[in-house]
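Excluded from the calculations below are hydrogen atoms, water molecules and symmetry mates; all remaining heavy atoms, backbone and side chain alike, are included.
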Amino acid sequence: MQSVEIARAFSLNARILIMDEPTSSLTLNEVAELFGLVRRLRSEGTAIIFISHRLEELFEVADRVTVLRDGSYVETRQVKDVTRDELVRLMVGRTISNLFPKQEVEPGEVALKVDHLSCAGIFEDISFEIHKGEILGMAGLVGAGRTDVAHTIFGVVPPTGGTIEVEGRQVEISTPQQAINLGLAYVPEDRQLHGLIPAMDITSNISLPILQKYTRRGWLMDKVEQEAAFTAAQQMEVRANSIWQLARTLSGGNQQKVVLAKWLSTKPRILILDEPTRGIDVGTKAAVHALRASWPQKGWPS
């Protein structure tokens with residue numbers, strides 16, 4: 001889909017081309033092909049604005065870089081005259097010394113076990129187990145099936161074969177609600193399509209999976225809901241005018257923080273993160289990695 005969208009833009013023979021996160025869903029080979037096209041267009045006189053949170057891409061294709069922060073202009077530099085650390089500092093307003101914190105945690109008992117899991121026509125024979133206090137990474141190219149496996153574990157698409165065990169007990173998960181009841185939470189890859197309801201405010205998005213917690217005799221206790229949403233948004237450092245701000249008006253990084261706040265509010269025992277840092281700035285990326293690193297310390301796997 002991303003390749004088709006890029007091809008459509010190139011077909012217009014534009015004199016000015018604006019590319020907003022064009023590589024977010026591309027493989028390394030596809031990115032290399034795209035950069036070749038970008039360089040060719042530049043040599044032919046096309047002016048290109050290339051928007052990206054991936055700093056290595058800017059150093060590869062850009063001549064000048066302009067940094068924005070919270071909707072305001074910060075600075076413009078020649079790429080050859082700026083370092084990656086300087087760009088990070090300009091983007092977040094402070095120095096980030098460790099973007100990928102790693103903390104050693106002694107794994108506990110098996111929290112989730114998947115045995116010969118299959119979904120007809122999509123993937124087959126997937127087996128792994130993850131312990132309490134452990135982070136399990138799942139890698140693969142775009143289309144390899146990582147998201148499909150996550151969907152099946154979370155009940156979005158029921159399996160056609162194999163078994164799932166949660167804390168030693170075999171379970172049947174055919175809906176997301178069953179997964180939530182078992183202590184699972186899933187932060188999806190596409191936050192706008194699957195993670196948020198853009199037309200709803202921050203409060204409504206955060207409280208959605210556990211709305212019953214804020215109801216009594218069929219009535220919504222809106223004050224309790226608002227207080228909980230405010231606390232969750234503060235903990236995730238969501239930058240917004242208020243908790244009534246619509247999700248669609250937030251930056252990509254703040255939208256991702258709202259999605260994280262929503263699922264962490266369910267107090268899950270097993271947290272599934274699908275491309276949690278896709279399309280977000282380096283400051284938010286550091287916050288997400290810090291959360292991921294601290295999560296197993298609490299005895300919960302991800």
Side-chain angles (χ1 to χ4, degrees), residues 21 23-31 53-57 96 98-119 122-157 159 162-167 173 176 179 182-191 194-195 236 253 256-257 259-260 263-264 266 268-302:
E21 298 284 355
T23 64
S24 60
S25 299
L26 301 183
T27 66
L28 293 177
N29 288 337
E30 290 167 341
V31 170
H53 289 116
R54 297 179 177 178
L55 301 186
E56 64 276 8
E57 295 180 352
I96 297 179
N98 189 3
L99 182 57
F100 303 103
K102 174 66 175 177
Q103 300 185 24
E104 298 298 328
V105 177
E106 187 67 29
E109 300 174 351
V110 174
L112 175 70
K113 182 178 180 181
V114 171
D115 193 31
H116 300 291
L117 192 68
S118 300
C119 190
I122 303 176
F123 65 85
E124 60 179 321
D125 199 23
I126 301 296
S127 299
F128 63 84
E129 63 181 32
I130 179 170
H131 297 249
K132 294 181 179 180
E134 184 178 43
I135 297 174
L136 173 68
M138 187 178 294
L141 297 177
V142 175
R146 301 160 302 163
T147 296
D148 298 313
V149 173
H151 281 177
T152 296
I153 294 172
F154 196 63
V156 178
V157 180
T163 60
I164 299 174
E165 293 182 11
V166 175
E167 296 182 336
I173 304 178
L182 289 167
L184 278 71
Y186 172 53
V187 176
E189 178 180 15
D190 191 329
R191 56 180 167 267
H194 300 131
M236 287 305 303
Q256 188 72 352
K257 288 178 180 179
V259 176
L260 286 164
W263 288 111
L264 292 180
T266 68
R269 298 195 300 275
I270 300 168
L271 180 62
I272 304 172
L273 301 168
D274 190 356
E275 296 284 2
T277 61
R278 176 187 174 190
I280 60 177
D281 64 83
V282 68
T284 305
K285 189 173 295 187
V288 171
H289 283 307
L291 169 69
R292 174 197 52 76
S294 65
W295 186 256
Q297 284 189 316
K298 302 173 182 178
W300 299 317
S302 64

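Distance check, rounded to the nearest 0.5 Å: CG of L271 to OH of Y186 gives 11.5 Å.
With sequence neighbours left out, N29 forms a side chain to side chain donor-acceptor pair (under 3.5 Å) with no residue at all. Partners of E57 by salt bridge (charged side-chain N to carboxylate O under 4.0 Å, His left out), not counting sequence neighbours, listed by chain and number: R54. Residues that satisfy the salt bridge (charged side-chain N to carboxylate O under 4.0 Å, His left out) test with E275, not counting sequence neighbours, are R146.
Looking only at distances, no side-chain donor or acceptor of T23 sits under 3.5 Å from a matching main-chain atom of L26. Between the E109 side chain and the E167 main chain, no donor and acceptor come within less than 3.5 Å of each other. Without hydrogens or angle criteria, R191 side chain to G253 main chain gives no donor-acceptor distance under 3.5 Å.
Across all non-hydrogen atoms, the minimal contact from I272 to A150 is CG2-CB, 4.0 Å.
Aromatic ring pairs are classed by plane angle as parallel below 30°, tilted from 30° to 60° and perpendicular above 60°; the pair W263 and F154 is perpendicular.
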Exercise. After noting the C-alpha distance and the side-chain angles of T152 and I122, does the key distance pass the side chain to side chain contact (heavy atoms under 4.5 Å, CB included) rule?
Worked result: CA-CA 10 Å; T152 296; I122 303 176; over 6 Å; no

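Using a 4.5 Å heavy-atom cutoff, the side chains of V259 and P276 are not in contact. Side-chain contact between M236 and L264: present, with at least one pair of heavy atoms (C-beta onward) separated by less than 4.5 Å. Put simply, the side chain of V114 does not reach to within 4.5 Å of the side chain of I130, judged on heavy atoms. The shortest distance between side-chain heavy atoms of I153 and L117 falls below 4.5 Å. The shortest distance between side-chain heavy atoms of D274 and D190 does not fall below 4.5 Å.
Within 6.0 Å of CD on E129 lie more than 12 heavy atoms contributed by other residues, nucleotides or ligands.
When the options D125, I126, T163 are evaluated for a side chain to side chain contact (heavy atoms under 4.5 Å, CB included) with D115, the one that passes is T163.
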